Student: 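This is the structure, below, for whatever I ask next.
Every value quoted in this text rests on a predicted model; they were computed, and no experiment measured them. Sequence lines set the chain letters: A, B, ... in the order given, protein chains first and strands last, and positions in each chain run from 1.
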2 protein chains.
Amino acid sequence: MDINDEKLIKLFHSRGFKVTPQRLGICNYVLKSTDHPSAEKIYSNIKKKYKTISRATVYKTIALLKEMGLISELNLNTTPSRYDPNQNIHVNIICPKCNSISDYESEVVEEFFLNLKSELDNDILGQNLDVYKICETCSKKK
Amino acid sequence: MDINDEKLIKLFHSRGFKVTPQRLGICNYVLKSTDHPSAEKIYSNIKKKYKTISRATVYKTIALLKEMGLISELNLNTTPSRYDPNQNIHVNIICPKCNSISDYESEVVEEFFLNLKSELDNDILGQNLDVYKICETCSKKK
DNA sequence: CTCGATGCAAAACGTTTGCAGTCTT
DNA sequence: AAGACTGCAAACGTTTTGCATCGAG
């Protein structure tokens, strides 16, 4: 993410959010990160500069960044874990409304995995392919 | 998973695990499930038959099933969550030893996503593509 | 009989919430 | 000055652990 304070401030203001030093600090750290930090890592890093910052603020700022589309959370629907007996290569189609998950298998998926595997020296230990899409039931409810 | 009690019992014995009614019950439920149940769902389902079963047993049996390669856990590395400012289509290459994550972008990935998208009526809300692979640092450590 | 499995209770862990006080606008 | 934000502490839901008892082999 190539973003500076000026841009960030404008973004926040355009969304009606206030700009605080804590927020800027967190944003600068997260948006420049390449190591996919956890909330705890963000917290301990930002604590160096803002001794009194709380985890609550970190989590709230993370939520803000997600809302603004500046970051995404890996492994969404973290808790509770869900389990799958299907050990074929497949995509999990996850409905963010009702949390239902259905497996999707197709040639496109299989071919992709084989190609990716060969690109990665054939030593993939496992995989997890998720896509988010409103399920039929939920889209009917509208 | 097309598996019956007889096969299951052999599998358990071959790994030196004991066969208990609770385990069989949990296995039968999970291995036949198609709705990607959570631990809590497995627990409340199995509780109908085994009134005194505890969550601990459920979790331990899940661990066993994972170890035997009969199920996989979706959204592995569930906690803590990790965050990513990279909003391009990419694969997260996750090292299960050190939990490092690096982004991988390629034409293969991009093409796959476009194909999948069109297969799914173009209304994908988001995606999360993970593959597990020992990272260079860890494979050197050996 | 032995050792692994169960199940309770308590702890651990990441995350969320309520609220009083503070700071941006 | 108003209302959004902070940060503490407590609560929450999921998962793990310690340990006494039980039961499969």
Student: What N/O pairs connect the protein and nucleotides 17-20 of chain D at under 3.5 Å? Give each pair on its own line.
Tutor:
none

Student: Answer whether the closest heavy-atom distance between the side chains of A:Met68 and A:Phe12 falls below 4.5 Å.
Tutor: yes
Student: Report yes if at least one side-chain N or O of A:Tyr59 is closer than 4.0 Å to OP1 or OP2 of C:dT15; otherwise report no.
Tutor: yes
Student: Nearest whole angstrom, please: distance from the P of C:dA5 to the CD1 of B:Ile53.
Tutor: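 Distance, rounded to whole Å: 14 Å.
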Student: Starting from P on C:dT6, measure out to CG on B:Leu24 and report it in whole angstrom.
Tutor: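 Computing the B:Leu24:CG to C:dT6:P distance gives 10 Å.
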Student: What integer distance in Å separates B:Tyr50:OH from C:dC8:P?
Tutor: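 About 15 Å, once rounded to whole Å.
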Student: Distance-only, no hydrogens or angles: does the A:Tyr29 side chain make a donor-acceptor pair with backbone N or O of A:Leu24 under 3.5 Å?
Tutor: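 Flag not set: sc A:Tyr29 to bb A:Leu24 has no pair under 3.5 Å.
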Student: Per the side chain to side chain contact (heavy atoms under 4.5 Å, CB included) rule, which among B:Leu31, B:Thr20, B:Ile42, B:Asn45 passes with B:Ile26?
Tutor: B:Ile42
Student: Take nucleotides 20-25 of chain C nucleotide by nucleotide from the 5' end and write B, S or -, depending on whether a protein heavy atom sits under 4.0 Å from the base, only from the sugar-phosphate, or from neither.
Tutor: ----BS
Student: When we call it a touch if two heavy atoms are under 4.0 Å apart, what does B:Thr52 touch: a base, just sugar-phosphate, or nothing?
Tutor: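 The residue B:Thr52 makes sugar-phosphate contact but no base contact.
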Student: Please tell me whether B:Val108 and A:Leu114 are part of a single hydrophobic cluster in this structure, the criterion being side-chain heavy atoms less than 4.5 Å apart.
Tutor: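 Different clusters: B:Val108 never reaches A:Leu114 through Ile, Leu, Val, Met, Phe, Trp or Tyr contacts under 4.5 Å.
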Student: Can you measure A:Tyr43 atom OH to C:dT16 atom P for me and round it to whole angstrom units?
Tutor: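 The answer, rounded to whole Å, is 16 Å.
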Student: Can you list, pair by pair, the side-chain donor-acceptor contacts under 3.5 Å of residues 118-126 of chain A, counting residues two or more places apart and other chains?
Tutor:
{"from": "A:Ser118", "atom 1": "OG", "to": "A:Asn115", "atom 2": "O", "distance (Å)": "3.0"}
{"from": "A:Glu119", "atom 1": "OE1", "to": "B:Tyr104", "atom 2": "OH", "distance (Å)": "2.5"}
{"from": "A:Glu119", "atom 1": "OE1", "to": "B:Ser106", "atom 2": "OG", "distance (Å)": "3.0"}
{"from": "A:Asp123", "atom 1": "OD1", "to": "B:Lys133", "atom 2": "NZ", "distance (Å)": "2.6"}

Student: May I have the distance from B:Glu67 (atom CD) to C:dG4 (atom C1'), rounded to whole angstrom?
Tutor: 14 Å
Student: With a 4.0 Å cutoff (strictly under), does any side-chain N or O of B:Gln22 reach OP1 or OP2 of D:dG23?
Tutor: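 It does not, given that no N or O in the side chain of B:Gln22 lies less than 4.0 Å from OP1 or OP2 of D:dG23.
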Student: What is the distance, to the nearest angstrom, from the CZ atom on B:Arg55 to the P atom on D:dT15?
Tutor: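 Checked: the CZ to P distance equals 10 Å.
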Student: Could you tell me which residues satisfy side-chain contact (heavy atoms from CB on, under 4.5 Å) with B:Asp103, sequence neighbours excluded, listed by chain and number?
Tutor: A:His36, B:Asp84, B:Asn86, B:His90, B:Asn92
Student: To the nearest 0.5 Å, what is the distance between NZ on B:Lys41 and CD1 on B:Ile46?
Tutor: 12.5 Å
Student: Run the side-chain contact (heavy atoms from CB on, under 4.5 Å) test against B:Ala56 and tell me which residues pass, sequence neighbours left out.
Tutor: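 side-chain contact (heavy atoms from CB on, under 4.5 Å) list for B:Ala56, sorted by chain: B:Ser54, B:Lys60.
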Student: When you compare the side chain of B:Cys27 with that of B:Leu65, does any pair of heavy atoms fall below 4.5 Å?
Tutor: yes
Student: On the nucleotide D:dG7, are OP1 or OP2 found under 4.0 Å from the side-chain N or O atoms that A:Thr57 carries?
Tutor: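 Looking at the OP1 and OP2 atoms of D:dG7, one of them is under 4.0 Å from a side-chain N or O of A:Thr57.
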Student: What's the NZ-P distance between A:Lys66 and C:dT16, to the nearest Å?
Tutor: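 Answer to the nearest Å: 7 Å.
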Student: Can you tell me the distance, in whole Å, between the NZ atom of A:Lys41 and the P atom of C:dG14?
Tutor: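 Checked: the NZ to P distance equals 15 Å.
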Student: Specify the angle, to 10°, made by the local axes at the two ends of the helix from C:dC1-D:dG25 to C:dT25-D:dA1 when five pairs are taken at each end.
Tutor: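 So the angle between the two local helix axes works out to 40°.
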Student: Transitively linked via ILVMFWY side-chain contacts under 4.5 Å: A:Ile9 with A:Val30?
Tutor: yes
Student: When rounded to the nearest 0.5 angstrom, what distance separates CD in B:Glu107 from CD in B:Glu110?
Tutor: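 Interatomic distance, B:Glu107 CD to B:Glu110 CD, rounded to 0.5 Å: 7.5 Å.
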Student: Would you check if B:Asp130 and B:Val91 make a side-chain contact, meaning some heavy-atom pair closer than 4.5 Å?
Tutor: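 No, their side chains stay 4.5 Å or more apart.
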